[in-house]
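Remarks on the structure that follows.
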Amino acid sequence: MPAVAEILIPLALDTAYSYAVPPGLTLAEGDVVQVPLGPRETVGVVWGLDERASGGNLRPVTGRIEVPPLSEPLRKLVDWLARYTLAPKGSALAMALRLPDEGAQRENPRIGVRASGRPPARQTAARGKVLAVASDGAVRGKSALAKEAGVSVGVVDGLIDDGALETVALVPEPVALPPNPDHPRVPLSDAQRDAAHDLIAAPSPASAPAEAGGTILLEGVTGSGKTEVYFEAVAECVREGRQALVLMPEIALTAQFLDRFAGRFGVRPATWHSGIGGKRRERIRAGVASGDVSVVVGARSALFLPFNRLGLIVVDEEHESAYKQEDGVHYHARDMAVVRGRLEGCPVVLASATPSIESRVNAQSGRYRHVSLPGRFGGRPLPDIKAIDMRLDKPERGRFLSPPMVNAVKATLEAGEQALLFLNRRGYAPLTLCRACGHRYQCRNCSTWLVEHRFRRALVCHQCGYAERKPEACTECGAFDHLTPCGPGVERIAEEAAELFPDKRIVVLSSDFPGGAERLRQELETVAAGECDIVIGTQLVAKGHNFPHLTLVGVLDADIGLTTGDPRAAERTFQLLQQVTGRAGRGERPGRALVQTYQPDHPVIAALLSGDAERFYEEEIAAREAAGLPPFGRLAALIVSAEEREKAEAHGQALARAADPPPGVMVLGPAEAPLALVRGRWRFRLLVKTERGIDVQSYLRDWLARGPKPRGNLKVAIDVDPQSFL
Ligand code: ADP
Ligand code: ZN
């Protein structure tokens with residue numbers, strides 16, 4: 001009988017605690033249990049069992065909780081995640097145990113009614129009809145019963161109150177029906193069939209145990225059929241009775257995608273994202289654990305679901321920075337997917353039209369297999385991309401669309417086609433300035449300018465959400481009519497487009513879309529159906545959507561992302577522009593893209609215009625290698641924050657003094673963060689840059705152990721492989 005159990009508790013604790021196993025309770029590793037912690041009871045997971053030790057004076061485990069245990073690969077993933085990110089092991093466990101629940105709506109239980117056998121106190125003709133229908137004893141929904149009896153629902157309610165009908169909870173519909181891998185489907189092209197065959201033939205890590213030989217980079221331009229191809233790998237996985245997980249950036253999880261899945265498999269898949277609430281979440285977890293749910297399409301947190309026969313992970317749009325979680329446990333879902341695949345012994349497919357430099361390098365070095373799809377499906381041409389040199393073709397004063405852009409939109413609309421104007425800036429104007437006194441409106445909690453949102457009639461901070469009404473007169477000098485919006489956001493472009501094309505249907509799509517994610521998804525459907533003429537959007541419209549009527553993409557400010565201090569600025573800009581221009585011409589008619597830029601000769605813009613992605617990758621990879629940047633070197637950031645600026649800076653300096661970097665490690669900073677103040681906290685950053693072979697986690701651990709300890713409101717966040725440098 002095991003006498004001592006090591007229980008890991010999903011709180012910010014780094015070690016498991018020892019508890020006695022009471023007589024009569026048999027535990028296994030991975031079991032979810034209840035244990036006392038201080039004065040209260042809490043949930044934990046059995047992380048280890050010591051058969052020989054004696055639980056003597058330890059507090060006993062209270063009991064086992066009847067939920068699916070955590071499988072060994074999932075427990076190893078938690079260990080791995082904690083070791084890699086330096087997050088407390090308990091915080092890593094929390095991700096696998098009770099997944100984030102913000103904004104979740106509870107699923108309403110479905111209630112049915114049936115005859116109770118008791119006669120009603122009062123009988124009427126209408127009540128008689130209802131009871132006649134219900135006399136078969138079957139359970140029906142309330143409105144279904146009323147309809148069948150030809151009466152109003154009020155009559156049914158009356159009979160419930162009266163006791164003649166009783167309510168029963170209906171068995172909930174299954175969270176997902178089994179997908180049919182052999183559902184009739186469109187035939188694949190030869191190239192697609194070859195690629196699908198390559199994916200299916202992925203060597204299982206059983207035959208290639210040491211390396212991540214099971215990871216495959218599936219590359220192909222937008223519209224080449226990557227989705228169709230990885231669906232074949234999903235189908236093969238389902239045929240073998242194993243489970244498949246498809247990860248997507250949350251916003252790409254659209255009804256359109258789920259319908260495509262249904263087109264291939266006959267039913268929609270189970271989905272997992274932050275909007276899935278309470279009961280339903282538990283049912284999906286249970287279905288995943290039992291194996292009843294065979295395919296899950298989900299956002300990054302789906303990676304921690306308790307699959308028991310995982311046979312395939314697909315990471316769609318693998319280059320997306322949205323896969324990186326930037327608070328709590330700083331993890332990258334793509335990288336953790338590769339780890340989980342290795343632990344589960346299943347292949348991982350990374351799909352992208354514009355792979356991350358990291359994945360490209362891994363493919364080149366042979367760590368990943370590289371499967372490419374040539375060109376668009378059906379020989380549809382890629383859009384023709386041209387630059388508009390803004391130094392020569394200036395827009396009119398106070399306008400943002402240059403004359404060639406206006407003409408192109410006009411021609412597109414006249415041909416009965418759709419145009420997309422892309423600007424990666426939410427709101428109306430990114431800065432508001434008083435022309436009388438020069439005052440600029442800034443957030444009171446953050447070092448950011450307030451962005452005017454005309455639709456909401458407010459000045460808003462995009463960092464912390466702080467909002468104030470746009471004043472009538474300047475709050476500094478009191479001057480009326482001198483507040484001026486500077487620069488454009490999508491709302492301002494919509495205003496300009498409405499003036500230029502007054503009789504056209506214009507829609508603005510950004511994360512500010514009123515009505516939340518669900519309304520936004522619906523709006524995306526109407527755009528896809530061609531029910532609007534001009535779409536004006538942020539990066540939200542660049543991702544994964546298929547708009548068949550769209551033939552012109554206009555990029556309004558191609559240079560926007562190039563001037564940041566981010567080492568991935570060029571890569572991100574290239575990916576985003578490639579992605580957004582790739583929206584054009586995915587239907588019957590060919591597409592084109594126009595790119596407004598002040599730097600037509602910048603390598604990123606030049607590569608985009610020439611359509612020579614290969615050259616871009618070559619140059620960017622060479623530049624990274626020369627600079628020792630990822631994946632040729634490693635980065636980690638420490639972000640020190642406190643309510644007082646001096647305190648944060650002093651702690652950062654004390655950390656730097658304790659850094660004592662060994663050869664191959666460089667510690668930079670502390671430097672005031674570009675976003676120096678966020679939510680009332682001052683931020684300083686330290687950056688660790690190491691050679692590739694250095695164990696950066698061990699170094700960080702030692703450094704933090706000998707460095708000063710955060711006290712009071714001071715915090716030190718650790719971000720290994722940072723994606724954001726703000
Ligand atoms: P990607 O994922 O590479 O962007 P998709 O898989 O979305 O490409 O395919 C692009 C478009 O081409 C979709 O509308 C898809 O339905 C269509 N398509 C791709 N392959 C085929 C095929 N073999 N037969 C018919 N339509 C296809
Ligand atoms: Zn703010």
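In each ligand, atom 1 is the first atom listed, and ligand 1 is the first ligand listed. Throughout, numbering of the chain's residues begins at 1 and tracks the sequence.
- Residue-ligand proximity: Ala353 is placed with every non-hydrogen atom at 4.0 Å or more from ligand 1.
- Near Val221, meaning under 4.0 Å from any of its heavy atoms, are these atoms of ligand 1: 3 (O).
- A donor-acceptor contact closer than 3.5 angstrom links the side chains of Ser356 and Glu318.
- Nearest to atom 8 (O) of ligand 1 among the protein's heavy atoms is Gly225 N, 2.9 Å.
- Taking every non-hydrogen atom of Leu188 and a distance limit under 4.0 Å, the qualifying atoms of ligand 1 come out as 23 (N).
- For atom 16 (O) of ligand 1, the nearest non-hydrogen atom of the protein is Glu228 OE2, 3.6 Å.
- Heavy-atom contacts of Pro187 reach the following atoms of ligand 1: 22 (C), 23 (N), 24 (N) (cutoff under 4.0 Å).
- Atoms SG of Cys461 and SG of Cys464, as seen from the Zn ion (ligand 2), are separated by an angle of 110°, to the nearest 10°.
- Between atom 15 (C) of ligand 1 and the options Arg260, Lys226, Arg264, the minimum heavy-atom separation is to Arg260.
- Below 4.0 Å from some heavy atom of Thr222 lie the following atoms of ligand 1, by number and element: 4 (O).
- In this structure, a donor-acceptor pair under 3.5 Å is absent between the side chains of His482 and His439.
- The nearest protein atom to atom 24 (N) of ligand 1, hydrogens excluded, is given as Phe377 CZ, 3.2 Å; this is a heavy-atom distance.
- Here the protein heavy atom with the shortest distance to atom 2 (O) of ligand 1 is Thr227 OG1, 2.7 Å.
- A side-chain donor from one of Trp272 and Ser301 sits under 3.5 Å from a side-chain acceptor of the other.
- Side-chain polar atoms of Tyr230 and Glu232 form no donor-acceptor pair below 3.5 angstrom.
- In this structure, the protein non-hydrogen atom closest to atom 20 (N) of ligand 1 is Gln192 NE2, 2.9 Å.
- Within the cation-pi definition used here (under 6.0 Å to the ring centroid, within 45° of the axis), Arg454 qualifies as a partner of Tyr428.
- For atom 14 (O) of ligand 1, the closest non-hydrogen atom on the protein side is Asn546 ND2, 3.3 Å.
- Gln723 and Arg572 share a side-chain donor-acceptor pair at under 3.5 Å.
- The cationic atom of Arg360 (NZ for Lys, CZ for Arg) lies less than 6.0 Å from the six-membered ring centre of Tyr617 and within 45° of the ring axis.
- Looking at His330 and Gln325, their side chains never bring a donor and an acceptor atom within 3.5 Å of each other.
- Nearest protein heavy-atom neighbour of atom 4 (O) of ligand 1: Gly223 N, 2.8 Å.
- In this structure, a donor-acceptor pair under 3.5 Å is present between the side chains of His319 and Gln579.
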